[in-house]
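Inspection log for the structure reproduced underneath, given as structure tokens.
Remember, it's 1-based here, ligands and their atoms both numbered in the order they're listed. The figures that follow rest on heavy atoms only: side chains count, while hydrogens, waters and symmetry mates do not. The structure displayed is predicted, hence computed values, not measured ones.
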Amino acid sequence: MSGEGPLRVVVVGASLAGLFAAAAAACRDNSVTVLERDVLPGEPEPRAGVPQGEQPHVFLFRGLLALEELLPGSRQELLSAGAVPVDTGGLPWLAEHGWLPVEQRGFEVLSLTRPLFEHVFRRRVAGLPGVEIRTGSRVISLRRRDLHWAVGLADGSTVLTDLVVDASGRSSRLPVWLAEAGVGQAPVSQVDSGVGYATRMYADAPSGFGAVGVVLQQTPATLVGGIALPVEGDRWLVTAVGCGEHRPPRDAAGFESFLQRLPDPALAELARHAEPVGDVAVHRQTGNRRHRYERVPDWPEGLLVVGDALCAFNPIYGQGITVAACEALLLRQALAAGLGPGYTRRLLRKFTTVVSLPWAMSTSEDLRYPTSIGRQSLPQALLGQWTQQLSRLAAHGNLHAYAVMARVYHLMGSPVLLFHPALGAAALRARLTGYGPATARPAALDALTPSA
Ligand SMILES: Cc1cc2nc3c(=O)[nH]c(=O)nc-3n(C[C@H](O)[C@H](O)[C@H](O)COP(=O)(O)OP(=O)(O)OC[C@H]3O[C@@H](n4cnc5c(N)ncnc54)[C@H](O)[C@@H]3O)c2cc1C
């Protein structure tokens, strides 16, 4: 692949990772063809190729910054389309050791339905120079032909290209295509705590309910949790989560009684008083899975993998979109510098710099669950105990502990921040003299108490 002159780029999959990659590749007069198997709806609607589309999707603050860098004005565009800005510092959050404090300012996340998110970006990316999104185009094969790639479609046609970016998600067929091409197999790492999601949309939240959202965190002890987030059109997504045998059901009555089992009544009350819009949607493909393509010694030129096709995370931690946006920024930098021989493998190695931390966070947390196969390593267990300690301090009003945990969670700071000496001193003090009063249930939830 020459580093000079415009390239022909094919992106497989027009979901978020594919759209971000296409936006990144739309430079230097490149022609970018996005091949998507679904016939895409003209309006923001769930679709078959993105079965998780009815579940809540937020992106971390790092993701918001990355999107803004990739496509300036993204935040405003999402807000204009109806996204709700949520200051996570004011978000009622029942964590493993109690309620986290809500008085401080925190990182912003935008809350909107997943179909709207995709719709806004699809419109934006389709308007970029050199980009074409071809729908109803299922890719069925990938073959090296001289210095190019021949991308085979289900209708029998072939697209010739210089660079292929696989963004076809968890169901990516790339391992099969590589095997057919005689390329070595990539090691795959998996950790699956067996999380299931069930989500229902509601309108007409009870008056007096003043919270920006509610999180009842799932823990290895409870194995269940839930979340309520506002979305466009004055509606709320109420989600129940559970692991293994505790996964929430699809039927409306079962869903509502599941909400009543959660460690706080807020979500059950919200669902009881608000008006349901549509059915309960469930989703259970949530395991962490990472393909180590960067370790394949004979990795072919001109082939990249991004998004869930490269590394899919347990979605409970909200990392996938952010990581895909960060990968797209690395792709854009590489294309702007001009690709030289061996570049695609080097870029895959660079992707590990954005994948490794969220992967370590989500897998080491998931290995605490009795539903996961495998055990934490000693360093994971020690780090886990320390973050438990910080979480306990935060639940007893230590804003410093809360702030560093939020920074690391939003991928805005190094985990080294967790080891600030002042936090060590606070933990020691708490051990010796007690943790002090626990943070009270936020007053914003008063309207969601059974007697209210
Ligand atoms: C329940 C759930 C909740 C989630 N919540 C969050 C969250 O809150 N925050 C967050 O950051 N992430 C979340 N995620 C993860 C997020 O959905 C993904 O990380 C994100 O969609 C990026 O995925 P992707 O574009 O790589 O793949 P996908 O979204 O899976 O899209 C793959 C695309 O490729 C197309 N495709 C597949 N095969 C072919 C083919 N052969 N030819 C042509 N097209 C093909 C599909 O039709 C689809 O359009 C969640 C995931 C789940 C399952």
Under 4.0 Å from ligand 1, counting heavy atoms only, is it the side chain of [X], its backbone, both or neither?
| X | answer |
| --- | --- |
| Ala48 | neither |
| Ser172 | neither |
| Gln319 | backbone |
| Arg37 | both |
| His57 | both |

### Task
May I ask which of Ala312, Ala324, Gly49 has a heavy atom nearer to atom 48 (C) of ligand 1 than the others do?
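Looking at heavy atoms only, the winner is Gly49.
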### Task
With atom 9 (N) of ligand 1 as the reference point, say which of Val58, Ile321, Val306 has the nearest heavy atom.
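It is Val58 that holds the nearest heavy atom.
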Lys/Arg-Asp/Glu bridge criterion (N-O < 4.0 Å) met for [X], [Y]:
| X | Y | answer |
| --- | --- | --- |
| Glu256 | Arg200 | yes |
| Glu77 | Arg75 | no |
| Arg345 | Glu294 | no |
| Glu118 | Arg47 | yes |
| Arg332 | Glu327 | no |

### Task
State the CZ-OG1 distance between Arg170 and Thr286, to the nearest 0.5 angstrom.
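Between atom CZ of Arg170 and atom OG1 of Thr286 there are 6.5 Å.
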### Message
How long is the straight-line distance from CD1 of Ile316 back to CD of Gln218, given to the nearest 0.5 Å?
### Response
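So the gap between those two atoms works out to 4.5 Å.
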Which residue owns the protein heavy atom closest to [atom], what's the atom, and how far is it?
| atom | result |
| --- | --- |
| atom 24 (P) of ligand 1 | Ala17 CB, 3.8 Å |
| atom 29 (O) of ligand 1 | Ser15 OG, 2.6 Å |
| atom 53 (C) of ligand 1 | Gln52 CB, 3.3 Å |
| atom 51 (C) of ligand 1 | Pro315 CB, 3.5 Å |
| atom 35 (C) of ligand 1 | Glu36 OE1, 3.3 Å |
| atom 26 (O) of ligand 1 | Asp308 N, 2.8 Å |
| atom 41 (N) of ligand 1 | Val139 O, 3.0 Å |
| atom 27 (O) of ligand 1 | Gly169 CA, 3.3 Å |

### Query
For the residue pair His291 and Tyr293, does the interplanar ring angle fall in the parallel (under 30°), tilted (30 to 60°) or perpendicular (over 60°) class?
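Aromatic pair His291/Tyr293 classed parallel.
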### Task
Measure the acute angle between the ring planes of Tyr409 and Trp93, then classify it against the limits of 30° and 60° as parallel, tilted or perpendicular.
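Aromatic pair Tyr409/Trp93 classed perpendicular.
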Output the list of atoms in ligand 1 that are nearer than 4.0 Å to some heavy atom of [X], sorted by atom number.
| X | value |
| --- | --- |
| Gly307 | 26 (O) |
| Ala167 | 32 (C), 33 (C), 34 (O) |
| Ser137 | 42 (N), 43 (C) |
| Arg138 | 42 (N) |
| His283 | 1 (C), 53 (C) |
| Gln55 | 1 (C) |

### Task
Mark the output for Thr286 as yes if a heavy-atom distance to ligand 1 is under 4.0 Å, and as no if none is.
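Checking ligand 1 against Thr286, which is what was asked, there is no heavy-atom contact under 4.0 Å.
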### Query
Mind checking whether Pro51 has a heavy atom under 4.0 Å from ligand 1?
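Flag not set, Pro51 not near ligand 1.
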Could you verify whether a donor N or O on one side chain and an acceptor N or O on the other, from [X] and [Y], lie under 3.5 Å apart?
| X | Y | answer |
| --- | --- | --- |
| Arg114 | Ser15 | yes |
| Glu232 | Thr113 | yes |
| Asp366 | Tyr317 | yes |

### Message
Between Glu301 (side chain only) and Gly342 (backbone N and O only), is there a donor and an acceptor less than 3.5 Å apart?
### Response
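Flag set: sc Glu301 to bb Gly342 pair under 3.5 Å.
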